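One-based numbering, in listed order, for ligands and for the atoms of each. Everything numeric in this text was worked out from a predicted model, so none of it was measured.
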Amino acid sequence: MSSFDENDAFEGASLSARAMAALRPEADYLNELNPAQREAVELLDGPILMLAGAGTGKTKALTTRIAHLLNTGRARPNEILAVTFTNKAAREMKERVGRLLGQPAEGMPWLGTFHSICVKLLRRHAELAGLKSNFTILDTDDQLRLLKQLVQAANIDDKRWPARMLAGIIDDWKNRALTPDKVPTADAGAYNNKGVELYAQYQTRLRELNAVDFGDLLLHMVTIFQTHPDVLEQYQRWFRYILVDEYQDTNIAQYLWLRLLAGGHKNICCVGDDDQSIYGWRGAEVGNILRFEKDFPGAHVVRLEQNYRSTPHILAAASNVIRGNESRLGKELWTDKPGGEKVRLIGHWDGEEEARWIGEEIDAMQGGTRGVRPMNLDEIAILVRASHQMRAFEDRFLTIGLPYKVIGGPRFYERMEIRDAMAYFRLVVSPEDDLAFERIVNTPKRGLGDKAQQTIQRTAREHGVSLVQGARIAVEQGLIKGKGGAALRELVEGLARWNAMTRGPRIEIEDDAVIDDGSAPVRYGPPEVSHIELAQIVLDESGYTAHWQNDKTPEAPGRLENLKELVNQLDNFENLQGFLEHVSLVMDNEQDSGGPKVSIMTLHAAKGLEFPAVFLPGWEDGLFPSQRSMDETGLKGLEEERRLAYVGITRAEEVCTISFAANRRVFGQWQNAMPSRFIDELPEDHVEVLTPPGLYGGGQMSAGIETRAAQANVYNSPGWKRMQARQGQYGMSQPRESRNTVIDATALASFTLGERVFHQKFGYGGVVGIEGDKVEVEFDKAGTKKVVAQYLSAKDDVPF
Ligand code: ATP
Ligand code: MG
């Protein structure tokens, strides 16, 4: 956070006379606009709302408006307040303004995100919030530590009422611009009736520490503006023009902040699309955009209907999907672009195959053998619903050497929770891994602060042993007292226990195996617990899973999903060690060539962006629309998911490919997935259902996509065929023998393909075929056998 350019943005930031003289003739950039956009650019005074669908040129008009304000001398660069949603969008906007003006847009200190702008403002007025101007900005960890102290001091059982829950509640209040004294009585029961009181204490404590959290940045500024009219007036005068992109995703605090600042001159231009409101889960209020005309009477409303981004097929697909939402204004878009390709739809056997296929498609697109023209990697994006989906693509692309970048977040193996989990695995496999130990010794928090960690380090050094050993000695000698000491003992014992589980019982060596020097080699039998189960045990018993389960921040569920995905992936390896080696190899493989790369990002991060070719994988019910968001907010959640689908499709300019898999692995177990209900909402005339190449000569399949018939295509996928070949029972001649056959048979035997099972005699294995009451199982150790179902138990039923 300290990297913000906090130079005094009000001084010396005007365009020089020379620069003014070099500006572009305005006709140039105005001519690039249609009449409605032009209106939005040229009507410089008074409130303007541009409410229009995706790709209609809202951002373009907004950017041109900034250029026009500068070019006509209406405002100096530092008198323009321009807010966008991400730092990336802010950078792009600055570049676009520069291009329009024909020179870099310098000195625009107030073009940025809400947070970056508010930090600057709050530094100038810190004292009005009871802070010093050098206040620190707490990250979520610090924030939580602080809350925990308060919760403990209040004698609240933080097992029942986790501090993370309180953190979530406070964030929510801050998003709604509610200081402790303003929390409505309806919320008084929050956090076991103690929420408001603790919130007040928390704010006091922050002040004492001269610190703020993220939510405070806006909250403090709103409060200052509300309570110090003189300060507000100063900024109302200073920010002569206000522009806001993606207005549909502002929360209440941001909305109030804008309304206060624009309250004087009302030169505010907001642009957005109610159909693209996708941050409801973080407090965004689509109502903000719908009430604009009420807030700013006489506002000029500009509607744009021509889409300049996508082909007619892509646009039709997006429009048809979003039509399923009831709560929307309803806008029709049109384009005069030529036909282009239909939206492509394809089903796969599983997620790995989906990744493999997309990798091949991208290669083919690059080579010009697929799609309308040869594409550069920079022109291609993969947009996923959940970040854990990225893992399959990253692994695949690393393997085939396809350059990629992850936008808006770290790559899978670089994520905090993945690194933490891997550190545990590393320690289990090799207890000498001191770096891994340092990473997890106090993660989750075990009350082992700097002092305790120094004691461990010192003990290890003195005895010339690893940190784990040092920790064990420190525990035995009682060098670390209290809760921390007890927790450390638990960790050390856990590590020893888990390490022992990587192998089976010791095998006594017969005499003739004794080596000359008298030392018998130590041999162990096969482990009794699979490495997948072990991984799960380690994450659970170490308290790491619970650490995120108790976390009530919006990121926590995603982190838990990433951890699941990590465990899933272990299925592809023989043991933990093999997996760890794989990761270090793939991570080592990639070097930044600086050349073009495929972009991988979440749908949320893709807002406002556009790419000639877009892949939208994982369109399966439960994944997309996400089960969690439907469970939490019902129809509202489903509609937000549908808007995400709309955002996704409308990122594509020329080629849009939607895919789904019939199976996903969850915790190493297969689960059937139904194609997303959004697939049913795609208009058939604009969609081409693909068959993976290599099958039946490739090309098109005639399947209609109504009533989920698209899923039939799964039975043509290589994975399905592989399965059939192995089962040898459904016969290749009936590729469309539908999954129902399997489901019926499964009902008989009550097992599913891919399921992990246990047999008294043969041990663990995975189901590869089902025939009546017989189940074919590929046993881990005993090979493939057909066994009678009643002698099998589902893995979960097996007592440990
Ligand atoms: P989103 O809702 O996805 O943010 P948007 O409404 O902001 O979309 P822009 O990104 O501004 O749309 O524009 C979409 C594309 O159309 C861009 O490539 C832009 O350059 C182009 N475009 C916009 N207006 C025009 C125009 N009048 N003539 C030609 N191209 C245009
Ligand atoms: Mg835009």
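The existence of a salt bridge linking Lys337 and Glu653 is excluded, since no basic side-chain nitrogen approaches an acidic carboxylate oxygen closer than 4.0 Å. A salt bridge between Glu610 and Arg651 is absent, with no side-chain N of the basic residue lying under 4.0 Å from a carboxylate O of the acidic one.
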List of N/O pairs, ligand 1 versus protein, all under 3.5 Å?
{"from": "ligand 1", "atom 1": "2 (O)", "to": "Lys58", "atom 2": "NZ", "distance (Å)": "2.6"}
{"from": "ligand 1", "atom 1": "2 (O)", "to": "Gln276", "atom 2": "NE2", "distance (Å)": "2.8"}
{"from": "ligand 1", "atom 1": "3 (O)", "to": "Arg309", "atom 2": "NH1", "distance (Å)": "2.8"}
{"from": "ligand 1", "atom 1": "3 (O)", "to": "Arg309", "atom 2": "NH2", "distance (Å)": "3.2"}
{"from": "ligand 1", "atom 1": "3 (O)", "to": "Arg651", "atom 2": "NH1", "distance (Å)": "2.8"}
{"from": "ligand 1", "atom 1": "3 (O)", "to": "Arg651", "atom 2": "NH2", "distance (Å)": "2.8"}
{"from": "ligand 1", "atom 1": "6 (O)", "to": "Thr56", "atom 2": "N", "distance (Å)": "3.2"}
{"from": "ligand 1", "atom 1": "6 (O)", "to": "Gly57", "atom 2": "N", "distance (Å)": "3.1"}
{"from": "ligand 1", "atom 1": "6 (O)", "to": "Lys58", "atom 2": "N", "distance (Å)": "2.8"}
{"from": "ligand 1", "atom 1": "6 (O)", "to": "Lys58", "atom 2": "NZ", "distance (Å)": "2.8"}
{"from": "ligand 1", "atom 1": "7 (O)", "to": "Thr59", "atom 2": "N", "distance (Å)": "2.9"}
{"from": "ligand 1", "atom 1": "7 (O)", "to": "Thr59", "atom 2": "OG1", "distance (Å)": "2.7"}
{"from": "ligand 1", "atom 1": "8 (O)", "to": "Gly55", "atom 2": "N", "distance (Å)": "2.9"}
{"from": "ligand 1", "atom 1": "8 (O)", "to": "Arg309", "atom 2": "NH2", "distance (Å)": "3.1"}
{"from": "ligand 1", "atom 1": "10 (O)", "to": "Arg309", "atom 2": "NH2", "distance (Å)": "3.1"}
{"from": "ligand 1", "atom 1": "11 (O)", "to": "Thr59", "atom 2": "N", "distance (Å)": "3.2"}
{"from": "ligand 1", "atom 1": "11 (O)", "to": "Lys60", "atom 2": "N", "distance (Å)": "2.8"}
{"from": "ligand 1", "atom 1": "12 (O)", "to": "Gly57", "atom 2": "N", "distance (Å)": "3.1"}
{"from": "ligand 1", "atom 1": "18 (O)", "to": "Glu610", "atom 2": "OE1", "distance (Å)": "3.4"}
{"from": "ligand 1", "atom 1": "18 (O)", "to": "Glu610", "atom 2": "OE2", "distance (Å)": "2.5"}
{"from": "ligand 1", "atom 1": "24 (N)", "to": "Gln37", "atom 2": "NE2", "distance (Å)": "3.0"}
{"from": "ligand 1", "atom 1": "27 (N)", "to": "Glu32", "atom 2": "O", "distance (Å)": "3.1"}
{"from": "ligand 1", "atom 1": "27 (N)", "to": "Gln37", "atom 2": "OE1", "distance (Å)": "2.8"}
{"from": "ligand 1", "atom 1": "27 (N)", "to": "Tyr308", "atom 2": "OH", "distance (Å)": "3.4"}

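For the ring-ring contact (aromatic ring centres under 6.0 Å, His included) test with Phe114, the passing option among Tyr247, Phe85, Trp257 is Trp257; the others fail.
Heavy atoms from other residues, nucleotides or ligands lying under 6.0 Å from NZ of Lys405 number more than 12.
Tyr29 and His68 share a side-chain donor-acceptor pair at under 3.5 Å. No hydrogens or angles considered: nothing links the side chains of Arg328 and Asn325 as a donor-acceptor pair under 3.5 Å.
Distances from the Mg ion (ligand 2) under 2.8 Å pick out these protein N/O/S atoms: Thr59 OG1.
Judged purely by atom type and a 3.5 angstrom limit, Arg344 has no side-chain atom pairing as donor or acceptor with the backbone of Glu688. A donor-acceptor distance shorter than 3.5 angstrom exists from the side chain of Lys342 to the backbone of Asp685, with no hydrogens or angles considered.
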Run the ring-ring contact (aromatic ring centres under 6.0 Å, His included) check on Tyr404 and Phe393 step by step: do they pass?
-> CA-CA 9 Å; Tyr404 74 90; Phe393 295 103; 9.7 Å; no

